[in-house]
Every structure is written in C-alpha cells, then in structure tokens.
Number of protein chains: 2
Amino acid sequence: MSLKHAILVMLDKEPSSGYDLMKQFNSGLGYFWNAKHQQIYQQLKKLSEDALITCEEEPQHGKPDKKVYRITEKGQQVLKQWLHEPSVPAKINDALLVKIWGGHHLTPKALLKDITEHKNRHTETLSSLRQLERAFHDLSDAEKMHYQLPFLTLRRGILGEEAWLKWAQEAENTLKK
Amino acid sequence: MSLKHAILVMLDKEPSSGYDLMKQFNSGLGYFWNAKHQQIYQQLKKLSEDALITCEEEPQHGKPDKKVYRITEKGQQVLKQWLHEPSVPAKINDALLVKIWGGHHLTPKALLKDITEHKNRHTETLSSLRQLERAFHDLSDAEKMHYQLPFLTLRRGILGEEAWLKWAQEAENTLKK
DNA sequence: ATTCAATATGCAATTTATTGCATATTATTC
DNA sequence: GAATAATATGCAATAAATTGCATATTGAAT
C-alpha cells in the first residue's frame with residue numbers, strides 16, 4: 001500500500017531521480033522499506049500520471065542525463081493525509097525463521113550454516129549503522145535537532161540488529177550442543 | 001517467493017485445512033510470515049494442482065465440513081530442496097518507520113500517538129510470547145528437545161519484541177522533550 | 001425466533017512486486 | 001582500443017498479494 005508514500009516522503013525532502021531513490025532504498029530508508037528498481041520506476045510513472053510529482057530531464061556532465069522528480073502541491077496533500085492516518089503494522093517475511101521452525105529435516109550443522117551467513121550480513125549492517133550513529137554524535141546541537149527523526153529510525157535499526165545478533169548467539173549455543 | 005514453502009512446512013508437520021493454516025498464520029508462524037486467508041486458499045489450490053499436496057474432504061460434527069490437506073512425496077521433495085537452499089534475507093516493510101523518517105510535517109504529539117498504538121500491540125504480542133515461553137519451560141526434557149527448533153523461533157520473537165519496546169521508550173523520551 | 005460469533009471456503013478484479021530482458025553514457029583501468 | 005563498473009532508465013510478462021464481495025453451517029446467547 002505504500003511504496004508510493006515512501007517515495008513521496010523522499011521527494012518531499014529532496015527532488016531526486018529514480019536512480020537516486022534506488023540508492024536510498026539500498027541503504028538508508030531501504031532498511032525499513034524494500035523496493036527494487038523496477039518498482040521505483042513504475043511508481044514514478046504512476047505518480048507522474050496522477051500529478052503527485054513532476055518530472056524534469058536534467059543533463060549532467062560526466063554521467064547520463066537523469067529525470068529529476070519533484071513533489072507537487074497535490075502530492076504534498078496526499079502525503080500529509082497519509083502521515084495523519086494510523087500506520088499499518090510492519091509486515092515481516094522471514095524465510096530463515098520459517099525454515100528453523102520446520103527444520104527437523106535439516107541437520108543442526110546445515111541450520112548453523114544458514115544462520116551464520118545471515119549473521120555476517122547483520123553484523124555488517126550493524127557496523128554501518130553504528131558508523132552513522134557516530135557521525136550523528138559529532139554534529140552540532142542544531143544539526144542534531146534537525147536530524148532527530150531520522151536518528152530515531154537509525155536507533156531502531158541498531159537495536160533491531162543488536163537483538164538479532166543476540167538471538168543468533170543463543171541459536172548457535174543451542175544448535176552446537 | 002515462499003508462502004508455498006511455509007505451507008509445505010506446516011503440512012509436513014501436520015495435515016490441516018486452509019482454516020487451520022490461517023489460524024496458525026494469525027498466531028505462531030504468522031509472526032514470521034504474513035498471509036491472508038485468500039492467499040492461503042489460492043496457494044492450496046495451486047499446490048494441489050501441482051500434486052505437492054492432496055486434499056480430502058472431512059465431515060465434522062458441530063462444524064462445517066473441512067478440506068484436509070496432506071503433503072505428498074513430491075511435496076516433501078520440493079520442501080527438502082527448499083530447506084537446503086540458502087534462505088533469502090528477511091523483507092521488512094514498516095510504514096511507521098517511514099513515517100518517522102519523514103515525519104517533520106507531523107507534531108511530536110501525533111507521532112507519539114502512532115507509536116503508542118504500535119506499542120500496545122507489541123506489548124500484547126510480547127506477553128503472549130512470554131506465556132508460550134513459560135509453557136515450554138514446564139515441559140519434560142524430552143519434550144523440550146522435541147520443540148527445540150520452534151522454541152528458537154519463539155526466542156527470536158521475544159528478543160525482537162523486547163528490542164522494539166526498548167526503542168519505543170527511547171523514541172518517547174526524545175519526542176516528549 | 002433471531003442475532004451473533006466462530007468455523008469454513010471461495011470467485012473475480014485489481015494492485016503490487018518480481019523476473020528477465022534491453023539499452024545507452026561516461027570514467028577508469030588494463 | 002577494449003573491457004569493466006557505475007550511472008541511468010525502461011518494457012513486457014508473470015507471479016504474488018490485496019480487496020471486495022459472497023456463501024453456508026453450527027452453537028450459544030438474547
């Protein structure tokens with residue numbers, strides 16, 4: 001229901017191309033909302049048709065031209081309305097947990113391997129989130145105030161990853177027996 | 001990519017009707033994999049067509065008849081193959097976090113309200129997970145062994161919910177200033 | 001008797017998401 | 001000069017998920 005709104009939120013902060021958005025979905029916001037590049041381009045098209053955003057081609061030096069999208073008045077209205085609605089609960093689709101839940105066909109070793117691979121990714125994510133956190137702490141008070149809300153989402157990421165890794169430790173202890 | 005596999009996992013443990021599965025998706029496994037009843041019935045149909053499961057109508061007393069599905073040999077093969085593949089990273093779609101990330105249009109009060117509503121749901125979930133955990137601890141050693149893997153997923157749920165609530169506390173402290 | 005909640009299943013239409021191509025520019029490296 | 005990586009965008013087809021109905025049985029409560 002709302003890749004649309006995620007894009008509006010992003011464009012409301014800063015006009016961007018599809019490619020810019022894609023990069024954000026692969027880092028910052030992407031931590032909380034998944035989208036592949038196809039989905040983004042499709043939504044941009046749709047949002048343009050509905051006049052919630054406008055598009056302007058912008059020549060670049062050293063890089064292919066890009067289409068810069070901007071949120072419109074109408075888009076802002078739609079965004080604000082969405083912001084005021086109660087947000088729907090997060091949706092989780094976690095294949096690893098499904099596998100563990102029904103994993104009696106697998107050896108503990110096979111499960112551990114799968115868990116370890118995930119652990120590596122979570123460890124990397126956590127470390128990059130912590131780097132962002134340190135950068136935040138170095139900001140001036142005014143800047144900290146300005147980034148207060150994104151910082152909260154960063155904290156959510158950090159606490160989430162820490163909890164994941166703590167669990168992985170438990171799981172490893174159990175499965176190694 | 002794998003509501004299909006989640007259903008096979010469930011049917012491998014125990015033959016069930018669509019309604020049975022739906023209830024599980026609204027409690028146990030549903031914590032890690034979302035599915036609405038329509039999706040379940042549609043998948044059951046497809047899985048039957050592909051001969052990964054069979055269907056048998058079972059009359060009941062006191063309740064409408066139900067269709068009991070069982071996993072077939074072929075289904076077990078498909079399931080085992082899936083279990084041996086590395087599992088895809090979990091997908092998160094969390095509208096609340098998107099909203100907070102771009103929530104400068106909202107008052108802290110409005111954000112707090114949204115967070116509080118989510119907090120209530122998470123509190124309830126945590127409390128029911130903890131109840132399951134206590135029930136597990138009362139089991140015999142043999143039974144504990146038997147439920148080892150589902151217990152790990154339960155622990156994941158508990159650690160995840162605790163982390164969420166810890167974050168909510170931080171967010172409230174920040175936003176109440 | 002009638003309403004309500006739980007049980008039980010499904011069709012049809014639409015919206016979203018995914019997969020598999022496909023293309024073009026420029027900078028950098030070999 | 002040729003290959004590669006990063007930038008930048010897209011079509012077409014399919015698969016998956018959601019929404020909005022729609023129906024039927026039974027038990028328990030009013």
Side-chain angles (χ1 to χ4, degrees), chain A residues 1-8 11 15-27 30 32-50 52-53 55-69 78 82 85 88-95 98, chain B residues 1-8 15-27 30 32-50 52-53 55-69 78 82 88-95 98:
Chain A
M1 253 246 64
S2 71
L3 170 58
K4 176 176 156 177
H5 300 110
I7 290 176
L8 288 177
L11 294 181
S16 317
S17 68
Y19 197 73
D20 294 334
L21 295 174
M22 188 196 75
K23 279 185 290 181
Q24 283 205 65
F25 274 112
N26 289 333
S27 57
F32 305 111
W33 201 273
N34 280 83
K36 308 213 163 173
H37 87 277
Q38 271 309 330
Q39 238 178 307
I40 296 165
Y41 286 114
Q42 279 169 33
Q43 275 300 322
L44 286 172
K45 198 181 163 188
K46 210 173 286 181
L47 288 166
S48 283
E49 285 165 8
D50 296 346
L52 304 185
I53 61 177
C55 174
E56 219 175 321
E57 291 208 33
E58 193 168 284
Q60 298 187 105
H61 15 257
K63 289 172 192 175
D65 297 355
K66 63 176 174 178
K67 294 184 174 179
V68 176
Y69 293 93
V78 170
W82 176 74
E85 285 166 16
V88 297
K91 214 178 80 173
I92 304 174
N93 282 63
D94 191 332
V98 173
Chain B
M1 254 241 64
S2 72
L3 171 57
K4 177 176 156 176
H5 300 111
I7 290 175
L8 287 177
S16 318
S17 68
Y19 196 74
D20 294 334
L21 295 174
M22 188 197 76
K23 278 185 290 180
Q24 283 205 66
F25 274 112
N26 290 333
S27 57
F32 306 112
W33 202 274
N34 281 82
K36 307 213 165 172
H37 88 277
Q38 271 309 332
Q39 240 177 306
I40 295 165
Y41 286 114
Q42 279 169 31
Q43 274 301 322
L44 287 172
K45 197 181 164 189
K46 211 173 286 182
L47 288 167
S48 283
E49 284 165 8
D50 296 346
L52 305 185
I53 61 177
C55 174
E56 219 175 322
E57 293 207 33
E58 193 168 284
Q60 298 188 105
H61 16 255
K63 290 172 192 174
D65 296 354
K66 64 175 171 180
K67 294 185 175 179
V68 176
Y69 293 93
V78 170
W82 177 74
V88 298
K91 216 178 79 173
I92 304 173
N93 283 63
D94 191 332
V98 173

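The chains referred to below are lettered A, B, ... by the order of the sequence lines, with proteins before strands, and numbering in each begins at 1. Because the structure is a prediction, the values reported are computed rather than measured. Below, each value reflects all heavy atoms present in this structure, side chains not excepted, and no hydrogens, waters or symmetry copies.
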Residue met sooner reading DNA chain C from 5', once K45(B) and Q42(A) are mapped to nucleotides: K45(B)
Value in whole Å for how far the P atom of dA16(D) lies from CH2 of W33(B): 11 Å
Whole angstrom value for the distance that separates P of dA6(D) from CG of N26(A): 13 Å
Atom-pair distance (NZ on K4(B); C1' on dT18(C)), nearest Å: 15 Å
Integer-rounded Å distance: dA17(D) P and Q43(B) CD: 7 Å
Partners meeting side-chain contact (heavy atoms from CB on, under 4.5 Å) with N93(B) (sequence neighbours left out): W33(A), N34(A), K91(B)
Partner residues of K36(B) under the side-chain contact (heavy atoms from CB on, under 4.5 Å) criterion, sequence neighbours left out: Q39(B)
Distance in angstrom units between K46(B) NZ and dG10(C) C1', rounded: 15 Å
Under 3.5 Å, N/O pairs linking protein and nucleotides 5-9 of chain C:
unit_1	atom_1	unit_2	atom_2	d
dT7(C)	OP2	Y19(B)	OH	3.0
dT7(C)	O5'	Y19(B)	OH	3.4
dA8(C)	OP1	Q60(B)	OE1	3.1
dA8(C)	OP1	Q60(B)	NE2	2.3
dT9(C)	OP1	K67(B)	N	2.7
dT9(C)	OP2	G18(B)	N	3.4
dT9(C)	OP2	Y19(B)	N	2.8
dT9(C)	OP2	Y41(B)	OH	3.1

Residues that K66(A) engages under side-chain hydrogen bond (donor to acceptor under 3.5 Å, both in side chains), provided they are two or more places apart: D20(A)
Y41(B): partners by ring pair (Phe, Tyr, Trp, His ring centres under 6.0 Å), with sequence neighbours left out: H37(B)
End-to-end axis angle, where each axis spans five pairs of the helix from dA1(C)-dT30(D) to dC30(C)-dG1(D), to 10°: 20°
Distance in angstrom units between L3(A) CG and dT15(C) C1', rounded: 12 Å
Close side-chain approach of D50(A) and V78(A), heavy atoms under 4.5 Å: no
side-chain contact (heavy atoms from CB on, under 4.5 Å) against Q43(B), all qualifying residues, sequence neighbours excluded: L3(B), K4(B), I7(B), K46(B), L47(B)
side-chain contact (heavy atoms from CB on, under 4.5 Å) assessment of F25(A) paired with M22(A): CA-CA 5 Å; F25(A) 274 112; M22(A) 188 196 75; 5.7 Å; no
Non-neighbouring partners of E56(B) that pass salt bridge (Lys or Arg N to Asp or Glu O under 4.0 Å), sequence neighbours left out: R70(B)
Distance below 4.0 Å between Q39(B) side-chain N/O and dT18(D) OP1 or OP2: yes
Between C1' of dA24(C) and CD of E57(A), the distance in whole Å: 13 Å
Side-chain N or O of K36(B) closer than 4.0 Å to phosphate OP1/OP2 of dT19(D): yes
Distance test, side-chain N/O of K91(B) to OP1/OP2 of dT18(C), below 4.0 Å: yes
Whole angstrom value for the distance that separates P of dT25(D) from CD of E58(B): 19 Å
Contacts of A90(B) that satisfy side-chain contact (heavy atoms from CB on, under 4.5 Å) - sequence neighbours left out: D94(A)
